[in-house]
Amino acid sequence: MVTRTSLVGRRTAQKFRQAAISAAGSLKIKLLLFCCFIFTLTLLASRAPSFLGCGQQSIPPLDRTSRKGYTLLINTWKRYDLLKQSISHYTSCPGLDSIHIVWSEPDPPSDSLVKFLNHIVKSNTKNDRYIELIFEINKEDSLNNRFKEIKNPMTDAVFSIDDDIIFPCSSVEFAFRVWQSAPDTMVGFVPRIHLINQLKENGNSYIYGGWWPVWWTGTYSMILSKASFFHIKYLHMYTNEMPASLLEYVKRNRNCEDIAMSFMVANATNAPPIWAKGNIFEIGSTGISSLGGHSNKRTECVNRFASLFGRMPLVPTNVKAIDSRGAWFW
């Protein structure tokens, strides 16, 4: 005998089953719609440049009759394989007009090296382009050599780079365009920061901050010259107007020429540098930064330079230049 209570229970259970089936179906439909929405967004994002009438190659070509390209100023020291690899890569970048290799070794570059590099330049240049290749030979070994004034430069823009890191041409060209919008400042890929030493009461003591303080705070005040754009005029200023005691300090300690350049540009402009987003590929592992006590030495440099300049010219900033064409969120 079926009781009224059991009938009500069965009907209630059936309603729950139907509700569950309906909810499951609704959830599947929502998931399907969501997947279709994501697929549509992805498709639109991949084809957006064509919809807008422009693509990755939409940057107008450079006028070769004017000083609108850039000079590659590459610092090297007895790492010929890295030098060859770097020159081979950067000669494929469309904005490159000139290459100046800072050479401070006791012996001049060998004929075979010069011949090989010239062959690379000639092989990689197309469309009747001409890329100048010059060795800047220095009689003495000093880190100040990397900022020695260039005679009869072809361009206003200088891309200063070390021989052990490589950036894709797309990143280099993007940073160059950013620099063109603010040619008096430094634009580059490796940010650093100066921090106030909280243990000192007078507030005139500083600490050199590497990558991690920049990453944590999103703030920086320096762009290292191992990968940066700046105006050719700053080579003249560094060579002829920098305090002699500062140049001697850099030469003696074999460090901090990049910090000195940041100080000089900030002192001249009263403005911060610009950090441009770019992919970094390290092709070498031996350098000054790998030596012990590197951070402490650079903290000493920051305080010494602030004293020589009579103030702290570095300007902190949170601005970062990003190529929105390759970014999902911006």
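We number each residue from 1, following the sequence as shown.
Looking at residues two or more places apart in sequence or on another chain, you find a side-chain hydrogen bond (donor to acceptor under 3.5 Å, both in side chains) between Asn270 and Arg311.
Put simply, the side chain of Val319 does not reach to within 4.5 Å of the side chain of Pro272, judged on heavy atoms. Leu73 places a side-chain heavy atom less than 4.5 Å from the side chain of Ile150. Put simply, the side chain of Phe147 does not reach to within 4.5 Å of the side chain of Val250, judged on heavy atoms. Contact of the Tyr208 side chain with the Glu300 side chain is not registered, since no non-hydrogen atoms from C-beta on lie closer than 4.5 Å. Side-chain contact between Phe230 and Asp184 is absent, with no heavy-atom pair separated by less than 4.5 Å. The shortest side-chain heavy-atom distance between Leu72 and Ile161 falls under the 4.5 Å cut-off. Within the 4.5 Å cutoff, the side chain of Ile283 has no heavy atoms near those of the Ile165 side chain. In this structure, Ile193 and Leu195 have side chains that are in contact, with non-hydrogen atoms separated by less than 4.5 Å.
To the nearest 0.5 Å, the span separating OG on Ser262 from CG on Asn267 amounts to 12.0 Å. From Thr185, atom OG1 reaches atom OH of Tyr234 across 7.0 Å, with rounding to the nearest 0.5 Å. With rounding to the nearest 0.5 Å, the separation of CD1 in Ile87 from OG1 in Thr76 is 8.5 Å. The CZ atom of Arg79 lies 11.5 Å from the CH2 atom of Trp77; values are rounded to the nearest 0.5 Å. Distance check: Glu257 CD to Ser142 OG gives 8.5 Å after rounding to the nearest 0.5 Å. In this structure, OG1 on Thr239 lies 10.0 Å from CD on Glu241, to the nearest 0.5 angstrom.
Clustering ILVMFWY residues whenever any of their side-chain heavy atoms sit less than 4.5 angstrom apart, transitively, puts Leu82 in a cluster other than the one holding Phe281. Hydrophobic clustering, with ILVMFWY side chains joined whenever heavy atoms are under 4.5 angstrom apart, keeps Ile134 apart from Trp103. Transitive grouping of hydrophobic side chains (ILVMFWY, heavy atoms separated by less than 4.5 Å) brings Met242 and Met261 into a common cluster. Under the 4.5 Å side-chain heavy-atom criterion for Ile, Leu, Val, Met, Phe, Trp and Tyr, Phe135 and Ile74 are members of the same hydrophobic cluster. Under the 4.5 Å side-chain heavy-atom criterion for ILVMFWY residues, a single connected hydrophobic cluster contains both Ile101 and Val114.
Between Ser221 and the choices Arg192, Met312, His194, the side chain to side chain contact (heavy atoms under 4.5 Å, CB included) rule is met once, by His194. Exactly one residue among Pro273, Pro316, Pro213 makes a side chain to side chain contact (heavy atoms under 4.5 Å, CB included) with Tyr220. That residue is Pro273.
A salt bridge does not link Lys226 to Asp163: none of the charged side-chain nitrogens sits closer than 4.0 Å to a carboxylate oxygen. A salt bridge does not link Lys251 with Asp141: none of the charged nitrogens is closer than 4.0 Å to a carboxylate oxygen. Using a 4.0 Å cut-off between a side-chain N of Lys or Arg and a carboxylate O of Asp or Glu, Asp97 and Arg129 do not qualify as a salt bridge. The existence of a salt bridge linking Asp107 and Lys78 is excluded, since no basic side-chain nitrogen approaches an acidic carboxylate oxygen closer than 4.0 Å.
No side-chain donor-acceptor contact under 3.5 Å links Ser123 to the backbone of Ile120. Between the side chain of Ser86 and the backbone N or O of Leu83 there is no donor-acceptor pair closer than 3.5 Å. In this structure, Ser307 contributes its side chain and Asn303 its backbone to no donor-acceptor pair below 3.5 Å. Counting only distance, with no hydrogens or angles, the side chain of Asn75 and the backbone of Asp162 share no donor-acceptor pair below 3.5 Å. With hydrogens and angles disregarded, no donor-acceptor distance shorter than 3.5 Å links the side chain of Asn253 to the backbone of Asn255. Without hydrogens or angle criteria, Ser88 side chain to Lys84 main chain gives no donor-acceptor distance under 3.5 Å. When atom types are taken as modelled, the side chain of Asp258 and the backbone of Ser225 share no donor-acceptor pair closer than 3.5 angstrom.
A cation-pi contact, defined as under 6.0 Å to the ring centre and within 45° of the axis, is absent between Lys148 and Tyr238.
Side-chain contact, Glu173 with Tyr70: a donor N or O sits under 3.5 Å from an acceptor N or O. Counted by atom type alone, His89 and Thr91 present zero donor-acceptor pairs between their side chains at under 3.5 Å. Under the 3.5 Å distance criterion, with hydrogens and angles disregarded, no donor-acceptor pair is assigned to the side chains of Glu136 and Asn145. Counting only N and O atoms by type, the side chains of Ser171 and Asn279 include no donor and acceptor under 3.5 Å apart. Counting only N and O atoms by type, the side chains of Ser160 and Ser228 include no donor and acceptor under 3.5 Å apart.
Ring planes of Trp179 and His231: tilted class, angle from 30 to 60°.
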Can you check side chain to side chain contact (heavy atoms under 4.5 Å, CB included) on Thr71 and Ile99, steps first, answer last?
-> CA-CA 6 Å; Thr71 293; Ile99 301 172; over 6 Å; no

Quick one: do Arg298 and Ile259 satisfy side chain to side chain contact (heavy atoms under 4.5 Å, CB included)? Show the steps, please.
-> CA-CA 8 Å; Arg298 291 172 76 79; Ile259 297 178; 3.5 Å; yes

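The aromatic ring centres of Phe176 and Phe229 sit less than 6.0 Å apart.
Crowding of Lys122 atom NZ: a count of heavy atoms from other residues, nucleotides or ligands under 6.0 Å not exceeding 12. Other residues, nucleotides and ligands place no more than 12 heavy atoms under 6.0 Å from the CG atom of Asp111. In the displayed structure, Lys233 atom NZ is contacted under 6.0 Å by more than 12 heavy atoms of other residues, nucleotides or ligands.
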